[in-house]
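Okay, so here's the structure we're looking at.
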Amino acid sequence: MLPLPQLETPHKCAFDVPLAHGKSIRTAGVKPEQQVAAANFQHVAASRNFTVGPMPIQLFIDTFMPMNSTTGDRSRLLSNRYAFRSVPAHAESAAEIYVPLISALNKQTTHRSRCPGFVFDDTAARSKHPRRLGYMKPHICCYSTSNAHVARSADKESRSDLGYAELFFEVKADPMYDFYTDPPQDATVEARAAHSLETPFDSIDGTYSAAAREAVRALGQHVAYATEIFARQFRVFLFSVSMSGSRARLIRWDRSGCVVSESFDIREQPEILCEFLWRFSQGSHASRGHDVTAEPALLDEEIIFHTLVREQTGFQLGVQDAELDAAVLRHYTPGKVWAVHVLTQDAVGEEPRAMRYIISRPVVSPVSLDGHATRGYWAVEISTRRVVFLKDTWRHRAPTLEGDTLRTLAAAGVRNIPSVVAHADVPHRLPPYGRELIREDFQTTRTDGFPSQPWVCRGGLNALHIRRRSHYRLVLATVGYDLSSMQSSSELLHAGYDVFTAMQDALTKGSRVHRDISVGNIVLVREGDQAVRKGYLIDWEYSCKADEGGVACNEDRVGTWLFMSIKTLARRHIGKHTFQDDTESLLYVILYCALLWLPHNLSKDELTNAVYEMFERSTTYGGRKCGGDGKAMNAATREFTDYIRFRSGVIQRWLDAFMNFHAPDPEDEASKGKWNNPGHLDGFWFDFLKTETLDIDDRVDNERRIPAYPPRLLLDLSASSGSTTSVSSDSAGGPVDAEPPDADPAVILGRRSRSEDRNPSVTSHPAKRARAAPAPKDPSGPTEPPSLRRSTRPRKRPDRGVPSTEANGAGRPPLREADAAKVSLGTRAAPTSR
């Protein structure tokens with residue numbers, strides 16, 4: 001059965017989509033300014049695992065931009081003869097390439113042009129700091145003639161240029177800056193497979209040339225531009241052009257990665273670029289990569305959306321007037337309101353119909369190119385006039401859809417999970433269809449379909465492992481705010497208990513473990529006149545079936561890095577995920593929230609270090625990202641938490657008790673064995689909430705520094721090639737093995753081939769060889785988990801007096817010199833009154 005044809009009907013695409021609150025919309029793109037240097041290197045490192053090429057250029061054009069009914073009529077196409085002769089083969093600056101290139105691209109006569117209906121613009125000049133990372137924009141952006149004036153009228157600090165871009169050119173002054181290299185034209189299939197796609201930059205004593213550094217920087221920016229365009233539009237895929245002097249490569253991006261074409265010279269072969277741009281101009285919105293199931297909302301729909309979202313925000317947060325106006329802007333940007341559609345069926349065998357949902361500003365925006373790219377919205381279901389939550393994501397292939405999992409758990413009686421309104425994969429176009437839909441009718445990635453092709457250069461690897469992803473939408477009736485919005489110790493512990501209840505129910509009633517307990521996956525919802533919001537456990541996509549003991553059936557490692565258990569972070573694979581791993585993650589979630597949003601005695605620097613050591617630090621051994629040393633050290637000796645002083649003694653007592661259950665002191669007989677007994681933990685928590693007096697308004701926003709230095713360039717990969725690890729995007733939220741960006745260029749530039757990455761003995765750089773060396777074997781054996789019993793080393797605890805009520809550093813007692821190097825963590829006695 002053939003896929004459904006694209007309907008050539010008028011359609012307005014969704015452009016310049018707002019980013020989630022807190023993401024910069026004026027300067028630094030989708031990353032805070034302090035993190036853009038790290039992000040640039042991370043983009044390059046990550047691209048190693050998702051780039052496929054070099055695809056023969058004519059095959060690229062025929063595969064991704066095939067001929068249609070209009071491309072055969074060339075009457076409006078300008079002649080390609082000498083089209084780009086004004087573009088120099090190489091130059092001293094990028095401007096010497098892209099200025100004449102723009103002129104050539106925009107050349108037209110009364111009836112003919114290179115790319116009818118589109119214009120090419122110098123966007124690099126429309127930046128306040130054109131050479132500064134985070135402020136840079138593509139050298140050339142292509143806009144439809146109807147959108148060009150909007151992009152041009154935006155001020156230099158705006159990022160709307162990328163919100164309207166149809167495709168873009170990234171330009172380097174000379175062919176030597178090309179990060180990729182093609183094999184010889186007469187290379188055999190075996191020779192191509194052994195060839196490394198990456199240019200083998202040479203070094204002298206480990207020092208790399210300015211050309212090599214420029215190539216890395218340019219590639220990082222190229223990935224960053226594609227990432228931001230995806231974030232600012234509703235897209236299935238995107239095209240770009242990488243120029244190195246007069247040599248060009250076409251690139252197609254999607255949520256699995258990118259396919260890179262062979263290089264060609266636009267001076268010598270102008271017909272190639274001209275043909276691509278002609279076909280691009282003659283295609284539909286969908287053929288240019290747009291998701292046509294999203295479109296601008298009607299004016300009356302925007303009014304309805306604003307009214308209902310304002311009511312729901314006021315109810316959930318208990319705010320009004322100016323405070324309410326500010327809170328509504330987390331979900332609503334005036335004039336930026338869209339309609340998206342979700343398929344649903346009233347009965348099996350019936351024609352699917354599309355439910356219309358109105359959205360505006362997301363609460364979550366994607367900050368990376370490949371992966372789930374999840375966006376979450378408060379949405380209004382037009383047919384019922386109710387506020388719901390809409391999750392838009394690119395799921396990997398799984399035996400069960402998340403919506404089906406939630407409905408199964410709900411039918412089994414699992415409490416404190418969201419209820420499903422509708423869910424379905426996203427089709428290429430909306431109904432009517434006139435027949436049953438097939439897989440090709442839905443939006444999926446295509447990059448994953450090419451790694452085994454004979455033209456692919458794999459650098460000696462047997463295969464490139466790139467996941468196929470499908471576009472999926474899930475609508476939930478449960479609407480609230482994630483746990484970072486907690487207002488008190490009471491909300492934190494009550495919501496935590498609600499989530500623990502959901503975890504237990506899922507195991508005992510549904511034989512399932514969640515495997516991704518995190519701050520973002522716990523939602524606080526106000527129901528009725530309750531003073532304390534209820535906690536719901538969301539995002540069950542990574543969950544899997546488990547046996548009676550709570551051991552997962554799947555062996556892959558998943559989760560959000562900051563909150564993963566010691567065992568799952570270990571350098572060696574130690575058994576399957578368990579219910580106890582989820583419980584440990586919940587403990588870290590509560591500790592993390594207490595550190596960031598409850599009063600304590602840590603200074604800004606101490607808090608920054610504590611969060612880094614306990615939650616963010618990571619390294620890589622044998623291609624596996626690992627960590628948890630701070631958590632393991634704290635479990636054994638309370639290296640950090642012995643020195644914390646919370647103002648709330650209740651929080652302190654809960655944390656002390658749960659940490660003792662998790663890793664009891666050898667002399668604490670009462671706590672031993674309790675961690676593996678969920679019933680005991682449930683009973684303790686239930687009684688604790690009944691008997692303790694909890695603060696109901698003690699939230700503070702503790703300050704910590706945002707690291708301005710990048711992590712080691714290759715050590716923050718979520719999954720190395722061939723790995724089954726899947727780490728949530730939050731994992732990139734902090735520094736890992738930090739060092740100045742120029743400290744070790746060999747990490748990126750020193751790699752001669754992908755095969756060399758797998759064998760540290762073949763590299764000549766000692767620093768890289770040392771990092772790549774396998775970890776020493778542990779005599780305890782590969783399957784024994786690290787000991788979580790506390791050390792018997794004598795340890796002097798500080799007195800836990802009543803400190804000042806001033807938070808985040810004020811009123812701290814002086815530390816011993818030996819303790820000053822540690823993170824000064826501690827506790828505070830309970831206040832005398834609520």
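- Using a 4.0 Å cut-off between a side-chain N of Lys or Arg and a carboxylate O of Asp or Glu, R126 and D121 qualify as a salt bridge.
- Annotation: cation-pi pair R213/Y177 absent, no NZ/CZ under 6.0 Å from the ring centroid and within 45° of its normal.
- Put simply, the residue from F280, Y164, W278 that forms a ring pair (Phe, Tyr, Trp, His ring centres under 6.0 Å) with F118 is F280.
- Side chain of S284 to backbone of S287: a donor-acceptor contact under 3.5 angstrom is found.
- Ion pairing between D182 and R192 fails under the 4.0 Å rule for side-chain N and carboxylate O.
- Here the rule is side chain to side chain contact (heavy atoms under 4.5 Å, CB included) with M136, and of H129, R217, E170 only R217 fits it.
- Residues T109 and L78 meet the side-chain proximity criterion, which asks for heavy atoms closer than 4.5 Å.
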> After noting the C-alpha distance and the side-chain angles of Q221 and N40, does the key distance pass the side chain to side chain donor-acceptor pair (under 3.5 Å) rule?
Replying inline: CA-CA 6 Å; Q221 278 304 110; N40 185 270; 3.2 Å; yes

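- One N or O on the side chain of E96 and one on the backbone of S93 form a donor-acceptor pair closer than 3.5 Å.
- Checked for salt-bridge contact, R429 and D291 miss the test: no charged N lies under 4.0 Å from a carboxylate O.
- Of the candidates F276, F450, F237, F64 forms a ring pair (Phe, Tyr, Trp, His ring centres under 6.0 Å) with just one, namely F450.
- Nearest heavy-atom pair, C274 versus N80, reported as atom, atom and distance to 0.1 Å: SG-CB, 3.6 Å.
- With T199 contributing its side chain and D178 its backbone, the two residues share a donor-acceptor pair below 3.5 Å.
- Although no hydrogens or angles enter the test, the distance criterion places a donor-acceptor pair under 3.5 Å between the side chain of S153 and the main chain of H149.
- In terms of modelled atom types and a separation under 3.5 Å, the side chain of H290 and the main chain of R235 share no donor-acceptor contact.
- Ion pair E275/R74 flagged as a salt bridge, since at least one NZ, NE, NH1 or NH2 atom sits closer than 4.0 Å to an Asp/Glu carboxylate oxygen.
- The aromatic rings of H471 and W394 lie parallel to each other, their planes meeting at an angle below 30°, with 60° marking the opposite boundary.
- S240 contributes no side-chain N or O that, together with a main-chain N or O of L167, makes up a donor-acceptor pair within less than 3.5 Å.
- Listed for the R458 side chain is no donor-acceptor partner under 3.5 Å among the backbone atoms of H195.
- Within the 4.5 Å cutoff, no side-chain heavy atoms of S160 are placed close to those of V150.
- None of T445, T447, T444 except one satisfies the side chain to side chain donor-acceptor pair (under 3.5 Å) rule with D254; the exception is T447.
- Between the side chain of D122 and the main chain of A125, a donor-acceptor pair closer than 3.5 Å is present.
- The closest donor-acceptor contact from the side chain of R114 to the backbone of S79 lies under 3.5 Å.
- A distance-only check finds no donor-acceptor pair linking the side chain of R255 to the backbone of H372 [under 3.5 Å].
- Here the straight-line distance linking atom CG of L219 with atom CD of E198 works out to 8.5 Å at 0.5 Å rounding.
- To the nearest 0.5 Å, atoms OG (S209) and CD (E214) are separated by 10.5 Å.
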> Are S158 and D155 close enough, and set up right, to give a side chain to side chain donor-acceptor pair (under 3.5 Å), and what steps lead you there?
Replying inline: CA-CA 5 Å; S158 170; D155 64 64; 5.2 Å; no

>> F179 vs H222, test: ring-ring contact (aromatic ring centres under 6.0 Å, His included). Steps then yes/no.
In response: CA-CA 11 Å; F179 191 81; H222 202 130; over 10 Å; no

